[in-house]
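Notes follow the structure.
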Amino acid sequence: MVEKLIDHEKQPNRFDTPQTFLVVDDEPRARESLVKLLRHKWPDIVEAEDGEQAIELIGQRRFSLIILDLNMPKKSGDQVLAYIRDHRITTPVIVISGETSINKVTEAVRLGVYDIFRKPFNFDELEHSIHNALDKMRIEEEKAQIQNQLEHSERLHRYMVDNSPDLIYILNLNGEFTFVNDSVMRLLGYEKRDLIGHHYSEFIADEDRMKAEFLFNERRRSSRSNRTIELRLKCNPANPAKPFEVASRPIELNSMGIYSVDAADDERVGAYQGTYGVARDISMRKKAEKLIRYQAYHDLLTKLPNRAMLLDRLDLAIKQARRSDESLIIMFLDLDRFKLINDSFGHVVGDQLLVEVAERLKHEIRNGDTLARLGGDEFMLLLPQPTSREQAERVAQKLIASLQRPFYLRGREVYVNVSIGLAEFPADSDDLNSLIQKADMAMYEVKSTGKNGYAFFNDKLEHAASEKISIESGLRNAIKNNEFEIYYQPQINTETRRIVGVEALLRWNHPRLGLRSPSYFIEQAEESRIIEQLSEWVLNRVAEDLFHNQIFIDSGITVSINLSATDIRKKEFPENLVSFTESHGIAPGRLEIEITENMFMGDIQACIHKLQVLSNKGISIAIDDFGTGYSSLNYLRELPVHTVKIDYSFVSEIERSKKGAALVAAIIGMAQGLGINIIAEGVESEGQSQYLEGLGCPVMQGFLFSKPSNKTVFLAAVAKQHKQSPDTVHA
Ligand code: C2E
Ligand code: MG
Ligand code: MG
């Protein structure tokens, strides 16, 4: 469309081309003498000897002037004139004729001839008339061209105005619309006629009316300078074709006064006539600004407030609490083993879990509380109103309980636990940063003593928590400095009371803190991948500790090794383990690996395949802490499992509750039914032992029989057993 508009302007001016005359007369002599005279001035002349030939030539090309005889054979001059009129040809025609009848002359005038000469004629007069005709023609053509240009320019401007993405408007003196462009429909859903004649204030959002009024009044009073303000315009609520998601649209409006111009002095401002201007849609910009503001204060994944917002609110809450002499409590939440889920299922699923966790947590809190995501799997809850420690504990319990139900990720049940640390203002600290730090310490205390629980900060933690930071670097040095050790805990045959197996348990002989259990460091070891080196170290140490001892080699005692999910996920894991047994000359049947249920998350097929490789080689697979993890019984069918280890938490319930006892009975019954070995863990009392024996549990492990001990103590026990009855070693 635009190209078409612009094309017009390129049309050449007709007067740039040479002028061609057509002389029509059936009398050759008269025609020739006229042409001869004319050629002095206008050399380009075409002749026609009758009306018919003239019409043919006029149809073919355009002439600057036609000189025409009236009385001619075939077609008369009148017919030629009629042809010219009918075809809207604007070329001026001068008639030279012997015809004198008044009728003929009037007819010729009616048909639009420019001038009429009677033969014989005065050539000077004719020449004069020709000049006039050509002048008139030129002026008319110029006028037409200017007209054409004006129309074109008007079309172009209208096109630009109507296709402008902005709303362009004119208001009259009274503030009523006298013009709006087409954009009004797209922007506000109104027809032009809905606005024309109406006062602008009808379309301004109520809250912005004053602002608009001020702007337009200012135009009325003062200079021509234009000014831009932001306003909201009402959208048409009754337009079904344009369902606006908003009732009003933010725009940036500029307005200029229209003033009459004083003819005498162009610069002087005359009377105010109205206002014109442009309203630009700024919804997108507003949206972007809103998003940026939102992003600065929210976690985009869970839509929870982020650290910045939390710090802001906490700062405020502390100030208020200080002023009113009240307390407030914060909670630091950290998901247990979230990394495992991330590694097993990938980040997309990990993210989905975080979103669902956030949803559940949000559900448990009150309106004024702030739950924020600090990053990763860390959340923080601020209870700003005065809350007793007991109330806070109840909230913590509720939060823990809310995550107890399984999550469904990729069609699998996944369980997450959370560790919560609490700190109170001002009892624990009256400073924002150290309050957070103390909640963090308390959280870490929960982690290191057993996960999925909550604890308040106490002064004793101060020291312990500062260790956390040094755990990772401490671990790296620990391997180098030989600070690890293996403790061995015997597994006892219920009937014969002989040692038939042993579990290798890792200990860290910390230079300052003394002997530390895996719960203190294993998660950090997994997160930092130090666990891979550590597992390798454990295997080699076990081989060294036990399989260099002839009595042990002869004993037939199996060794259980605990592996972590990280180990199993390694591609070459089964091959490495097999070559480990080969290189140390360990019979595969002497080795059992312990894995927990949560290691089966993620790619179960790969897991099955790996364990199958081991199983085929004769290495046993035990499920550790059975019943505490992602308890889908399905994997017992799918995986090559040889042993289940009933968790300490079930065993300890045997004497405490009927339900606990029944649960243990059920697990044993099920394992027996599936032909799977059973080891009861954490057996501490005779009562538990007798109950388990009664159910036919063949192997037990626990403080009742022996605590984990170092290799010397353990090997002495094996030697003692060997001395007593060497022949019955192979249980
Ligand atoms: P686990 O494999 O379930 O080990 C049994 C835990 O119960 C051991 O804790 C053991 O000391 C403790 N225990 C044994 N008998 C009794 C009892 O009668 N009563 C009570 N209350 N507890 C008993 P420990 O040594 O602290 O190990 C904790 C966990 O750390 C282990 O649980 C295991 O999952 C992991 N772990 C231990 N060694 C290693 C290792 O070398 N590598 C890996 N990846 N994990 C290990
Ligand atoms: Mg174990
Ligand atoms: Mg266990």
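As the structure lists them, so they are numbered: ligands from 1, and atoms in each ligand from 1. Residue numbers start at 1 and run along the sequence shown.
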Evaluating non-hydrogen atoms only, which member of Val542, Ile561, Asn562 is closest to atom 46 (C) of ligand 1? Asn562
Pair Glu356, Arg405 - check salt bridge (charged side-chain N to carboxylate O under 4.0 Å, His left out), show working. CA-CA 12 Å; Glu356 288 181 26; Arg405 277 175 292 122; over 6 Å; no
Which word best sums up how the rings of Trp508 and Phe484 line up, parallel for under 30°, tilted for 30 to 60°, or perpendicular for over 60°? tilted
Give a yes or no answer on whether the side chain of Asp440 reaches the backbone of Ile436 with a donor-acceptor pair at less than 3.5 Å. no
At less than 4.0 angstrom from any non-hydrogen atom of Glu681, what atoms of ligand 1 do you find? 1 (P), 3 (O), 4 (O), 5 (C)
Do side-chain atoms of Ser564 reach the backbone of Thr566 as a donor and acceptor pair under 3.5 angstrom? yes
Is there side-chain contact between Ile561 and Val542, with at least one heavy-atom pair below 4.5 Å? yes
Counting from 1, what ligand 1 atoms have a heavy atom of Gly702 closer than 4.0 Å? 15 (N), 18 (O)
Check the orientation of Phe552 and Phe547. Use parallel for under 30°, tilted for 30 to 60°, and perpendicular for over 60°. perpendicular
Which atoms of ligand 1 sit under 4.0 Å from any heavy atom of Glu503? 1 (P), 2 (O), 4 (O)
Of the listed options (Ala680, Pro708, Ser685), which comes nearest to atom 11 (O) of ligand 1 when hydrogens are ignored and any heavy atom counts? Pro708
Which residue pairs pass the salt bridge (Lys or Arg N to Asp or Glu O under 4.0 Å) test when at least one of the two sits in residues 478-489, sequence neighbours left out? none
State whether the shortest distance between N or O atoms of Leu506 and N or O atoms of ligand 1 falls below 3.5 angstrom. yes
Could you check whether any side-chain N or O of Arg516 sits under 3.5 Å from a backbone N or O of Asn509, counting only pairs where one atom can act as donor and the other as acceptor? no
With heavy atoms and a 4.0 Å threshold, my read on which part of Asp647 contacts ligand 1 is neither
With sequence neighbours excluded, what pairs up with His347 under the ring pair (Phe, Tyr, Trp, His ring centres under 6.0 Å) test? none
Quick one: are Arg507 and Pro518 in side-chain contact, heavy atoms under 4.5 Å? yes
Would Gln489 count as a polar contact of ligand 1, with the cut-off being nitrogen or oxygen pairs under 3.5 Å? yes
State the atoms of ligand 1, each with its element, that fall below the 4.0 Å cut-off from a heavy-atom position in Glu594. 2 (O)
Quick check: of its N, O or S atoms, which one does Asp624 have closest to the Mg ion (ligand 2)? OD2
Please identify which atoms of ligand 1 are closer than 4.0 Å to at least one heavy atom of Asp624. 1 (P), 2 (O), 3 (O)
To make sure I understand the geometry: which N, O or S atom in Glu503 is closest to the Mg ion (ligand 2)? OE2
Ligand 1 and Asp567, any nitrogen or oxygen pair closer than 3.5 angstrom? no
Distance filter under 4.0 Å to Glu684 heavy atoms, resulting ligand 1 atoms: 17 (C), 18 (O), 19 (N), 20 (C), 21 (N)
Please identify which atoms of ligand 1 are closer than 4.0 Å to at least one heavy atom of Tyr648. 19 (N), 20 (C), 21 (N)
Check: Ile531 N/O within less than 3.5 Å of ligand 1 N/O: no
Please could you name the atoms of ligand 1 that Val538 approaches to less than 4.0 Å, counting only its heavy atoms? 41 (O)
Decide, yes or no, whether a salt bridge links Glu523 with Lys447 under the criterion of side-chain N to carboxylate O below 4.0 Å. yes
Among Arg507, Met700, Arg516, which residue places a heavy atom closest to atom 25 (O) of ligand 1? Arg507
Is the Mg ion (ligand 2) less than 2.8 Å from an N/O/S atom of Ser560, whether that atom is in the backbone or a side chain? no
Name whichever N, O or S atom of Glu594 ends up nearest to the Mg ion (ligand 2). OE1
What orientation do His510 and Tyr520 show, parallel under 30°, tilted 30 to 60°, or perpendicular over 60°? perpendicular
